[in-house]
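Small disclaimer: the values here were computed from a predicted structure and weren't measured. Each chain gets a letter, A, B and so on, in the order its sequence line appears, and its residues count up from 1. The figures that follow rest on heavy atoms only: side chains count, while hydrogens, waters and symmetry mates do not.
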There are 2 protein chains.
Amino acid sequence: MLDPEKRLTLWRQIADRLAEEVTAGRFGDGRLPTEPQLAARFGVNRHTIRRAIGVLADQGLITVEQGLGTFVARHLEYVLGRRPRFDADLRSQGREPGRCVLSVATIEADPATARDLRLNRSAPVLQIEMIAYADGVAVSYGIHSFPARRFAALPNAFADTNSITAALVRCGVTDHTREVTRLLTRLPSEREARYLEQALSRPVLQAEAINADLANVRIQRSLVVFAGDRVQFRLAGGSTGETIGRPGSGAQPANRRPSPAIIGG
Amino acid sequence: MLDPEKRLTLWRQIADRLAEEVTAGRFGDGRLPTEPQLAARFGVNRHTIRRAIGVLADQGLITVEQGLGTFVARHLEYVLGRRPRFDADLRSQGREPGRCVLSVATIEADPATARDLRLNRSAPVLQIEMIAYADGVAVSYGIHSFPARRFAALPNAFADTNSITAALVRCGVTDHTREVTRLLTRLPSEREARYLEQALSRPVLQAEAINADLANVRIQRSLVVFAGDRVQFRLAGGSTGETIGRPGSGAQPANRRPSPAIIGG
DNA sequence: GTTCATTTGTTCGTATGTATC
DNA sequence: CGATACATACGAACAAATGAA
């Protein structure tokens, strides 16, 4: 099974082989064999398996959970195109989106929001704070800001539809596009980690996005942090929307987390 | 200086004020006053300052380093457009790009590379491993793979020009575009942390990119990890290449790191 | 290597205002 | 009205990290 001529180290060969199998969709339930099982299968010591597994875990292809097992990393993949369509992305991956609205309030614009939305300082801003879920697992926590004067009807529309996109449509914004997005990574604050149900030591992806209506007027500023262990982004370069990479197979370590109070879903 | 009518809490007012000053380019040397100094300036307790600073650090606007001080976060901003132009991005931000080539080798394709470049298994692949610097500070470590048969002349061209883009031009690829990119965050491996001269506990941004030539033939697969504390990405949405956000002022905690052996620069 | 000054990080304690029951 | 809980703000002291002498 392994190349005996040793042109490659054993752990490298095993890592390649496992990576192949993971991306090919073997381990359909999302669970890899235990380390002793793999050691037996490849006829090597468990240390060798651990080295191979370590490489793949580093690459983000699999995740290892002490006491539980090794699992195919099933990152949600958000496509960053011209339009923000997170719910559609989720559904296309067979996940059920949900959200939990933490607050809806009209406040004075903070300086950054005023600048990004091109408002006067202290102009009123409608602010929606919410957590997004996929299959009951938290994936993002974000604050979405809108010019309150223009979108006075948005709170009610949002309460009805429970969707920002749908609520915007009700307010006359039939379409909106991504104006600019900044992406960075950092460690979460205590509050963010709590909302995302993740460890403080695990990184988050922060996206700061500005959306505009068809007339190129800025209507939304979003500051969203995504759970780094559960989300990745894909940027389509050309016109082809080809899917590459992880097949998003079976089930994760299972839903150990108690489903929080999810409003929509 | 602060609003006495207390419509907002002190720490919120101070956070807003500091954010404004940071984005306005005050603190031109990139260093904020010490916490006691700020406490004296605003006439509040150091705790109140710390709370305000904590908010801004959470937002990624500033970075706090124990024993050193508080600094304006000066992320390198890479624009993710149709063409990968990292060096040009760097120069436009007044940074001097450099690189350190760790290895240039022709090897058998690993499964992921073969798939992404649409090669047969075990087809020869030219692999360049290198670290990129900006002003002598490591910002990324990456492995770049090319079909070896087509790009037999690339190693020499790369040795001459020390630039992948320039070397590709010499090989007849006058232009190339980003086909697809996947972005995710994770913690670095021990080796990556060493190359990037960063702590193991600080996250990295991983970009997996596939580039194609003008005939849409895939010619390059890159797996690059960026130092999360020093890099962020910007996605231009529309046609306007407007610059928003941090002004990228003065100097970071200073170049504490000894400049490693940098080849080009 | 040791010492020292500087700076942030942490943990006590205390007091006050505000919302809720 | 009181009782309780919570966020805000201040004061003091010590711990930990860093850089330089």
Side-chain angles (χ1 to χ4, degrees), chain A residues 100-108 110-111 122 127 129 131 141 143 186-195 199-204 260-261, chain B residues 1-22 26-75 135-138 187-188 190 193-194 196-203 227-230 249-260:
Chain A
C100 171
V101 178
L102 300 178
S103 73
V104 178
T106 300
I107 62 168
E108 240 180 50
D110 64 282
S122 80
Q127 199 171 275
E129 185 186 13
I131 305 174
Y141 158 72
I143 296 177
R186 58 180 174 82
L187 295 176
S189 67
E190 193 276 327
R191 165 210 280 248
E192 290 165 344
R194 198 171 58 242
Y195 285 158
L200 276 167
S201 59
R202 305 298 304 172
V204 296
Chain B
M1 176 169 297
L2 298 180
D3 181 359
E5 296 150 23
K6 272 203 127 203
R7 295 169 21 250
L8 279 174
T9 60
L10 283 177
W11 63 266
R12 195 93 192 75
Q13 292 181 56
I14 292 170
D16 282 354
R17 180 59 165 270
L18 286 178
E20 220 168 342
E21 296 182 350
V22 164
R26 191 170 167 169
F27 317 127
D29 59 346
R31 175 179 210 124
L32 272 72
T34 68
E35 291 173 357
Q37 281 169 351
L38 286 173
R41 176 186 148 192
F42 287 104
V44 298
N45 189 275
R46 189 174 151 229
H47 286 301
T48 312
I49 294 295
R50 283 182 60 75
R51 174 117 194 218
I53 282 180
V55 173
L56 303 187
D58 272 354
Q59 294 174 1
L61 198 63
I62 61 179
T63 64
V64 184
E65 305 206 26
Q66 183 173 357
L68 278 177
T70 307
F71 303 89
V72 177
R74 199 163 89 104
H75 285 185
D135 288 345
V137 180
L187 295 176
E190 193 277 327
R194 198 170 58 242
L196 294 177
E197 301 163 34
Q198 75 169 37
L200 276 166
S201 60
R202 306 298 304 173
D229 288 331
R230 315 201 258 274
S249 40
Q252 206 68 353
N255 271 9
R256 320 194 291 287
R257 306 163 190 85
S259 258

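Separating the CD atom in Gln127(A) from the CD1 atom in Ile107(A) is a distance of 3.5 Å, to the nearest 0.5 Å. The CG atom of Leu18(B) lies 6.5 Å from the CD1 atom of Ile49(B); values are rounded to the nearest 0.5 Å.
One finds a salt bridge joining Glu21(B) and Arg41(B) here, because a Lys/Arg side-chain nitrogen approaches an Asp/Glu carboxylate oxygen to under 4.0 Å.
Rounding to whole angstrom units, CG of residue Leu10(B) and P of dA15(C) are separated by 20 Å. Between Arg51(B) atom CZ and dG11(D) atom P there is a gap of 18 Å when expressed in whole angstrom units.
With a cut-off of 3.5 Å on both Watson-Crick or G-U wobble distances, the partner of dA3(D) is given as dT20(C).
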Taking it one step at a time, do Arg230(B) and Glu197(B) satisfy salt bridge (charged side-chain N to carboxylate O under 4.0 Å, His left out)? CA-CA 11 Å; Arg230(B) 315 201 258 274; Glu197(B) 301 163 34; 5.5 Å; no

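Look at Asn45(B) and you'll find a side-chain N or O under 4.0 angstrom from OP1 or OP2 of dG11(D).
Counting heavy atoms from C-beta on, the side chains of Thr63(B) and Thr70(B) never come closer than 4.5 Å.
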Per-nt protein contacts along nucleotides 6-12 of chain C (heavy atom under 4.0 Å; B base, S backbone sugar-phosphate only, - none) come out as -BBBBB-

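Applying the salt bridge (Lys or Arg N to Asp or Glu O under 4.0 Å) criterion to Arg51(B), with sequence neighbours excluded, gives no partner residue.
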